[in-house]
Chemist: 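What follows is a single structure, and I will ask about it in a moment.
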Amino acid sequence: MNIQPLLEALDLQEDAARVLADDLRTQIGELQGRLREAETHLEHLAITRKTVTGLADRLPAGPPDLSEHPDYPRILAVFNQATRPLRARDVCEALGHELLPKNIEGTRAKLKRLVKLGVLTEADTGSFTGSP
């Protein structure tokens with residue numbers, strides 16, 4: 001019996017299996033590289049998350065919406081036209097409010113809030129100007 005054709009067939013199958021194994025090794029190498037890149041990216045994201053959460057308590061809160069009270073835009077308009085520092089009483093007068101202590105104190109509180117937001121500055125105690 002001649003086994004030569006059988007051996008040749010086995011050679012062909014071995015060659016095909018070697019090529020397949022080589023291709024798979026190449027794919028595995030590429031996938032390992034992509035996996036390393038993905039893991040590095042995940043590490044960087046974890047570091048970023050840790051940094052952001054660590055700094056979150058140090059970041060100032062966003063400024064509140066000043067449109068919640070109709071006086072804020074009017075107060076800013078008064079300061080845009082002002083040529084000198086204004087007191088709470090002056091602002092009340094410009095807004096047409098009665099010059100009652102409760103109105104003056106309410107306006108002073110709003111002016112102080114605008115100072116905290118960096119919109120106004122307090123030149124002297126009780127004397128306010130628009131921020132540059």
Chemist: Could you tabulate the donor-acceptor pairs under 3.5 Å formed by side-chain atoms of residues 76-93, not counting sequence neighbours?
Modeler:
unit_1	atom_1	unit_2	atom_2	d
Asn80	ND2	Leu76	O	3.3
Asp90	OD2	Arg87	N	3.0

Chemist: By the salt bridge (charged side-chain N to carboxylate O under 4.0 Å, His left out) test, which pairs, at least two apart or in different chains, include something from residues 97-112?
Modeler: Asp71-Lys110, Glu105-Arg108, Lys112-Glu122
Chemist: Which value, rounded to the nearest 0.5 Å, describes the distance between Leu111 atom CG and Thr129 atom OG1?
Modeler: 11.0 Å
Chemist: Considering only Ile, Leu, Val, Met, Phe, Trp and Tyr, and joining two whenever side-chain heavy atoms are under 4.5 Å apart, list the other residues clustered with Leu24.
Modeler: Leu20
Chemist: So do the side chains of Val115 and Phe128 get within less than 4.5 Å of each other, counting heavy atoms only?
Modeler: yes
Chemist: Please report the C-alpha distance between Ile75 and Leu95 in whole Å, then the side-chain angles of each, then the deciding distance to 0.1 Å, and finally whether the side chain to side chain contact (heavy atoms under 4.5 Å, CB included) criterion is met.
Modeler: CA-CA 7 Å; Ile75 289 171; Leu95 295 177; 3.8 Å; yes
Chemist: Checking Glu14 now: which residues fulfil side chain to side chain contact (heavy atoms under 4.5 Å, CB included) with it, not counting sequence neighbours?
Modeler: Asp11, Arg18
Chemist: Listing request: all side chain to side chain donor-acceptor pair (under 3.5 Å) pairs with a residue in residues 35-52, at least two apart in sequence or in separate chains.
Modeler: none
Chemist: With a cut-off of 3.5 Å and sequence neighbours excluded, list every side-chain donor-acceptor pair involving residues 2-10.
Modeler:
unit_1	atom_1	unit_2	atom_2	d
Asn2	OD1	Gln4	N	3.1

Chemist: Could you pull out all residues at least two apart from Asp22 that satisfy side chain to side chain donor-acceptor pair (under 3.5 Å)?
Modeler: Arg25
